[in-house]
Amino acid sequence: MSGIRYKKIAFLAPRADLTREAFLDYWERVHGPTVAAAPDYGRWRHRYVQNHVVAPGPFGAPPAFAGMAM
């Protein structure tokens, strides 16, 4: 089973006390590097990817989340 890889996808939304901008800043500049520097990161994760919402959806509606991580 050592060759099996799983993918975890998380849709992220800011806490109520954070603006979207503050959330994105924290997520990119604090959370991402913290995850990557965790002990045994490479043992449990192949890679960490952040996808940030940059524009409204195709119908102009605001997205229900600020981004997605894999």
Side-chain angles (χ1 to χ4, degrees):
M1 283 220 189
S2 63
I4 295 174
R5 294 190 188 245
Y6 297 93
K7 184 179 284 192
K8 178 181 177 182
I9 300 173
F11 293 92
L12 305 164
R15 293 186 329 224
D17 63 330
L18 290 177
T19 65
R20 184 175 187 279
E21 292 75 22
F23 168 79
L24 292 175
D25 184 64
Y26 175 84
W27 186 28
E28 183 176 355
R29 299 183 197 288
V30 178
H31 180 78
T34 300
V35 168
D40 291 331
Y41 173 82
R43 183 174 175 200
W44 303 107
R45 293 173 184 90
H46 177 66
R47 64 185 184 149
Y48 175 72
V49 178
Q50 292 182 351
N51 295 286
H52 298 252
V53 174
V54 296
F59 302 108
F65 52 89
M68 172 180 101
M70 293 188 291

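What you see is a predicted model; the values in this text were computed from it and never measured.
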**Student:** I want to check something: taking the side chain as every heavy atom from C-beta on, are Met68 and Ile9 in contact at a cut-off of under 4.5 Å?
**Tutor:**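 Result yes, sub-4.5 Å side-chain heavy-atom pair found.
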**Student:** If you round to the nearest 0.5 Å, how far is NE2 of His31 from CZ of Phe23?
**Tutor:**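 Reported value, rounded in 0.5 Å steps: 8.5 Å.
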**Student:** Taking all heavy atoms of Pro14 and all of Leu18, pick out the closest pair and write down the distance.
**Tutor:**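 In terms of heavy atoms, the two residues are closest at CB-O, 4.0 Å.
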**Student:** Which residues satisfy the side-chain contact (heavy atoms from CB on, under 4.5 Å) test with Ala36, sequence neighbours excluded?
**Tutor:** none
**Student:** Please report the closest heavy-atom contact between Ala66 and Arg20, naming both atoms and the distance.
**Tutor:** O-NH2, 3.9 Å
**Student:** Of all residues at least two apart in sequence or in a different chain, which pass the side-chain contact (heavy atoms from CB on, under 4.5 Å) check with Thr34?
**Tutor:**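 Residues passing side-chain contact (heavy atoms from CB on, under 4.5 Å) with Thr34: Val30.
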**Student:** In chain order, what residues pass the ring-ring contact (aromatic ring centres under 6.0 Å, His included) check against Phe65, with sequence neighbours excluded?
**Tutor:**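 With sequence neighbours excluded, Phe65 shows a ring-ring contact (aromatic ring centres under 6.0 Å, His included) to Phe11, given in chain and number order.
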